[in-house]
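This report refers to the structure that appears directly beneath it.
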Amino acid sequence: MSATPLAQLLLLGQGTDLASERGVSCTGDLPEASDPTLVARATAAKKALGSKVLVLGHHYQRDEVIQFADITGDSFKLAQAAAAQSEAEYIIFCGVHFMAESADILTGPHQKVILPDLAAGCSMADMATAAQVEQCWQDLEKLGVARKTVPVTYMNSSAAIKSFTGEHGGTICTSSNAEKTLRWAFEKAEKVIFLPDQHLGRNTAVNDLGLTLEDCVVWNPWKPQGGLTENEIKDAKMILWRGHCSVHGRFTKASIDEFRVRIPEINIIVHPECQNEVVSAADYVGSTEKIIKTVSEAAPGTQWAVGTELNLVSRLAAANPDKEVYFLDRTVCYCSTMNRIDLPHLVWALESLVSGKVVNEIKVDSETARYSKMALEQMLAL
Ligand code: 13P
Ligand code: SF4
């Protein structure tokens, strides 16, 4: 599916994918997007590779890519899929950089993980750098708070931040298991530092665990001591990193209110990366996998407004012709970095493998992988 001209315009301003830091992805070998043989080429290359290749596709990927995925899922399901299978020599990850890093950490040394476009980062993951998180932890140590605090880090983070989490006895969470991981963390410690999505952290703490908004403070990595006073830090139960998703953060309560006026019987379902007032005003909240399940299993004739990425919502609408499925806010656009993985990049990655060349391999260094793996395995064990 290609973006509408308006969406394309909006995409230009969205996200900070730090592509330049990750290197240039393709050096001119990409097939033209207009090449009418792309589907046939991808099919042939996949067939030639057989069981040597496994294509994983996140739900936010384009239709043209998702049709070639062996497994589709949310980030939790795809991490489980990567950890569970050891046969495929090559895993082509159609998703974003942090997901491919996690797959590399969870797969065996004989397996290679490929991200078809290295510019497919995640603006939220880029909002917490390892140096900023180290500085924050040092500040918490100085105040005597670190020893009472356990880190819980959202999957949408770099391997370096996951490694920090493992090193300090914490765990990773995804939007499918954030409640379970937070409960686990509060059994271990008085306080949690939640990285890097403030919204998922706040929504889970307040709406699922019953903490108050006042129990949560926001750590701004650009300000000394996170922009907080000593007392604010000492009194807080949840220290939320100042990060957010540039897609989900744009949904508003006003769109929910408009829908309720226009269609009183509407069901509103949103992703927990949305702001707290949006999540609190919705009827249902859940990971991408849960959103798909809830709408698919709903009674025929029901009406749904969905607040998550547009590729997923469009496919959900097409797969549920017996229901009315709307996109919650037409001013919100595709995830620009997820959309960087397109059919030309997938064909390039597949055909390169057929010719014996591994392109865009994602490799996490062994020191970083060691602690990240501890934190990821802690999550999978929960
Ligand atoms: P899920 O954990 O629901 O797959 O979400 C991943 C993501 O990037 C959401 O923005
Ligand atoms: Fe990152 Fe948001 Fe895109 Fe998910 S939708 S990959 S959190 S920018």
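Just follow the structure's listing: the first ligand is 1, and inside any ligand the first atom is 1. FYI, side chains are in, hydrogens and waters are out, and symmetry mates aren't considered; it's all heavy atoms of this structure.
A donor-acceptor contact shorter than 3.5 Å links the side chain of Thr337 to the backbone of Gly121. In this structure a side-chain-to-backbone donor-acceptor pair under 3.5 Å is missing from Lys162 to Thr368.
Nearest protein neighbour of atom 7 (S) of ligand 2, counting heavy atoms only, is Asn156 ND2, 3.1 Å. Remark: minimum distance from atom 8 (S) of ligand 2 to any protein heavy atom is reached at Ser123 OG, 3.5 Å. Scanning the protein heavy atoms around atom 1 (Fe) of ligand 2, the nearest turns out to be Cys122 SG, 2.4 Å. For atom 2 (O) of ligand 1, the nearest protein heavy atom (residue, atom name, distance) is Ser75 OG, 2.7 Å. Looking from atom 1 (P) of ligand 1 to the surrounding protein, the closest heavy atom is Ser175 OG, 3.4 Å.
In summary, the atoms of ligand 2 found under 4.0 Å from a heavy atom of Cys335, numbered by their order in the structure, are 3 (Fe), 5 (S), 6 (S), 8 (S). Residue Asp74 has at least one heavy-atom neighbour below 4.0 Å for each of these atoms of ligand 1: 1 (P), 3 (O), 4 (O). Of all atoms in ligand 1, numbered sequentially from 1 with element shown, those under 4.0 Å from a heavy atom of Asn156 are 7 (C), 8 (O).
Contacts between His248 and ligand 1, counted as non-hydrogen atom pairs separated by less than 4.0 Å, involve the side chain only. Looking at Glu273 against ligand 2, only its side chain comes within 4.0 Å, counting heavy atoms. Only the side chain of His271 comes within contact range of ligand 1, with a heavy atom under 4.0 Å; no backbone atom does. With a 4.0 Å cut-off on non-hydrogen atoms, Phe76 does not touch ligand 1 at all. Neither the backbone nor the side chain of Val96 comes within contact range of ligand 1; no heavy atom lies under 4.0 Å.
Applying the 6.0 Å contact sphere to CZ of Arg202 captures more than 12 heavy atoms from other residues, nucleotides or ligands. With a 6.0 Å radius and a threshold of 12 heavy atoms from other residues, nucleotides or ligands, Lys52 has its NZ atom at or below the threshold.
A salt bridge between Glu258 and Arg262 is absent, with no side-chain N of the basic residue lying under 4.0 Å from a carboxylate O of the acidic one.
At a 3.5 angstrom cut-off on N or O pairs, Ser287 does not count as close to ligand 1. Every N/O-N/O distance between Thr174 and ligand 1 stays at or above 3.5 Å. The distance criterion of under 3.5 Å between nitrogen or oxygen atoms is met by Glu273 with respect to ligand 1.
In this structure, His58 has a heavy atom closer than 4.0 Å to ligand 1.
Residue Cys245 does not count as close to atom 1 (Fe) of ligand 2, with no N, O or S atom under 2.8 Å.
Hydrophobic clustering (ILVMFWY, side-chain heavy atoms < 4.5 Å, transitive): Ile266 and Leu328 are in one cluster.
No side-chain donor-acceptor contact under 3.5 Å links Asn267 and Thr302. With 3.5 Å as the limit, one finds a donor-acceptor pair spanning the side chains of Asp215 and Thr212. Ser123 and Ser246 are linked by a side-chain donor-acceptor pair at a separation below 3.5 angstrom, with hydrogens and angles left out of the test.
A ring-centre distance under 6.0 Å is not found for Phe93 and Phe98.
Counting only heavy atoms from C-beta outward, the side chains of Leu182 and Asp208 never approach each other to under 4.5 Å.
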